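Reading through the structure tokens given below for one structure.
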Amino acid sequence: MLDSGPLVFLLSSILTNSSPKRADTSWDPSSFVVEALEGHTRFHDLDLEHSLLRGVASLGFEYCSPIQAKILPHTLQGHDAIGKAQTGTGKTAAFLITIFNDLLCHPVEGERFLAEPRAVIIAPTRELVMQIAADAQDLGKYTGLNTVTLIGGADYQKQLSKVQSRVVDLVVATPGRLIDFMQRRDLFLDRVETLVLDEADRMLDMGFIPQVKRIVRATPRKEDRQTLLFSATFTQDILNLARQWTFDPVTVEIEPERVATATVDQRVYLVTSHERLKVLLKILRGPDAVSTIVFANRRDQVRSLYEKLRKGGISCGILSGEITQAKRTRTLADFKSGKIKVLVATDVAGRGIHVDGVSHVVNYNLPEDPEDYVHRIGRTGRAGATGISISFASEDDAFLLPDIETLLGERLKCVPPPQELLD
Ligand code: AMP
């Protein structure tokens, strides 16, 4: 494959029109009315390119979230940034707006070639990549920019044909599949202007750093590209990597406990091992649980729980690494549309679930990593809504609570489940 690459590239390097589709002039930015509010940044205040501002308006975003307000004034000027932020803070829109605004305001003069993206976003899981790409589609829908998603577990040829059919502006990818494309010389990163590394801590935990290093090396040197790195935690390892990869960055920190838990009513029920399933079924059959994600720690637990819930008459879907990508995508779509009301997920698969309107998160087991607790409950209480998280603690795993409380900076009151859930 390697030696046929340059030939394929030469053949496919048709000269192409470099500029994005002309911005739509049928929209008048003055129709997007948002009152100026002290202490808040409006998207109007950021001097965004109009087709991008139109995308922002169509999503109903009015004021910047805290991370957007802090980071965008720097990144829109082309500066590098390191952001400490969890999902749910609006970080995705922060880096997408940065990329799109830059691409629109600085169109490439002259010819462009296929398979040479101007921006690349790397994220650790397929779900997260797909979520970022969906957000890119929404935000960028009036820009004419072309985003391509590269993920493992999905058809390589299909992804390749997308790369070869039209000039690519933005690639959103998991590290492994991006390396495959680079190795086969189906994609070239030497023209990358902006590189985003999302959930860097998770990429480190999942052992992706050697791959990410290769990707970073394939892009222009750090002085010649813009690099944005996001991580939920700033360990020494992450800070070292951030230092290597960024040039004179601004650092922005959004405290996780405020964002993650402010809108979530957290309950911890002390249950015996044999009460768990019964209580869960009661919760899921209750009128309030309109859209629930149930987390368990391991794939086999997720599978067995899913089967028990099905037997109990609950219409549910399963989201874990053992399920094919196509099936996961369908399940997530069914959950988003309300066709299924319950998802059973592992932590890794659950990271990519960004669905507004999740009413409940249930931790069937407490997670071993306290960070996972914050991620799990952050699936609810999103976009200004309030949510309920219910964690089951038993004699087997209650010892995990103190570390979670330390991370949250608050005590979690453990109570027996209400009687109606036990009857
Ligand atoms: P994220 O942290 O990127 O997962 O984003 C969390 C959620 O907030 C997503 O559903 C976004 O669509 C939404 N969001 C992002 N920025 C804003 C904003 N400025 N105003 C309202 N919602 C937003």
Side-chain angles (χ1 to χ4, degrees), residues 32-37 39-46 48 52-73 75-76 81 83-101 121-125 127-141 147 170 172 196-202 228-233 252-264 291 293 332 335-336 349-359 361 371 374-387:
F32 179 29
V33 182
V34 181
E35 230 175 276
L37 196 63
H40 286 75
T41 309
R42 295 176 308 169
F43 288 94
H44 305 62
D45 306 328
L46 296 170
L48 299 180
L52 174 58
L53 188 63
R54 185 177 180 189
V56 170
S58 75
L59 288 173
F61 296 178
E62 297 184 323
Y63 303 95
C64 289
S65 69
I67 190 162
Q68 292 161 359
K70 280 191 182 171
I71 217 168
L72 283 172
T75 58
L76 287 172
K84 181 177 176 189
Q86 310 257 355
T87 50
T89 52
K91 69 185 162 83
T92 314
F95 58 70
L96 287 172
I97 288 171
T98 301
I99 290 173
F100 287 157
N101 201 61
I121 300 168
I122 316 172
T125 63
E127 281 76 15
L128 188 56
V129 164
M130 287 173 58
Q131 184 60 47
I132 294 168
D135 288 357
Q137 225 60 55
D138 289 343
L139 265 173
K141 64 173 167 257
T147 298
L170 168 63
V172 192
V196 177
L197 307 164
D198 195 18
E199 301 210 348
D201 52 347
R202 185 49 64 133
L228 311 176
L229 180 143
F230 293 86
S231 183
T233 51
V252 170
E253 294 193 30
I254 298 295
E255 282 313 316
E257 54 270 38
R258 280 211 318 272
V259 276
T261 63
T263 54
V264 183
S291 173
I293 304 175
L332 207 50
F335 184 61
K336 279 188 184 170
R351 277 239 174 179
I353 308 173
H354 298 250
V355 181
D356 293 338
V358 172
S359 62
V361 165
E371 296 279 352
V374 176
H375 274 281
R376 287 179 182 188
I377 69 166
R379 302 305 92 206
T380 183
R382 297 167 65 82
T386 49

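Order of listing sets the numbers, starting from 1, for every ligand and every atom in it. The analysis underlying the following values was restricted to heavy atoms, covering all of them including side chains, and did not include hydrogens, waters or symmetry mates. Everything numeric in this text was worked out from a predicted model, so none of it was measured.
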Handout entry: Element-labelled atoms of ligand 1 that are located less than 4.0 Å from some non-hydrogen atom of Phe43
Key = 19 (N)
Practice task
Please indicate whether any nitrogen or oxygen in Glu62 is less than 3.5 Å from any nitrogen or oxygen in ligand 1.
Solution key: no
Problem - Under 3.5 Å: donor-acceptor pair, side chain of Arg42, backbone of Val34 - result: yes
Exercise for the section: State whether the shortest distance between N or O atoms of Cys64 and N or O atoms of ligand 1 falls below 3.5 angstrom. Expected result: no
Handout entry: ligand 1 to Asp135 polar contact by distance, N or O atoms, under 3.5 Å
Key = no
Practice task
Report, in ascending order of atom number, the atoms of ligand 1 lying under 4.0 Å from any heavy atom of Thr89.
Solution key: 2 (O)
Practice task
For Ser65, counting its heavy atoms only, list the atoms of ligand 1 lying under 4.0 Å from any of them.
Solution key: 19 (N)
Problem - Nearest-0.5 Å distance, CG of residue Leu52 to CG of residue Leu139 - result: 6.5 Å
Handout entry: Those atoms of ligand 1 less than 4.0 Å from some heavy atom in Tyr63
Key = 18 (C), 19 (N), 20 (N)
Fill in the blank from the handout: CG (Leu128) and CE (Met130) are apart, to the nearest 0.5 Å, by 11.0 Å
Practice task
Sequence neighbours left out, what passes salt bridge (charged side-chain N to carboxylate O under 4.0 Å, His left out) with Asp138? Give chain and number order.
Solution key: none
Exercise for the section: Just jot down the ring pair (Phe, Tyr, Trp, His ring centres under 6.0 Å) partners of Phe95, sequence neighbours excluded, or say none. Expected result: Phe230
Handout entry: Per-atom contacts of ligand 1 with Lys91, taking only distances under 4.0 Å to non-hydrogen atoms
Key = 2 (O), 3 (O)
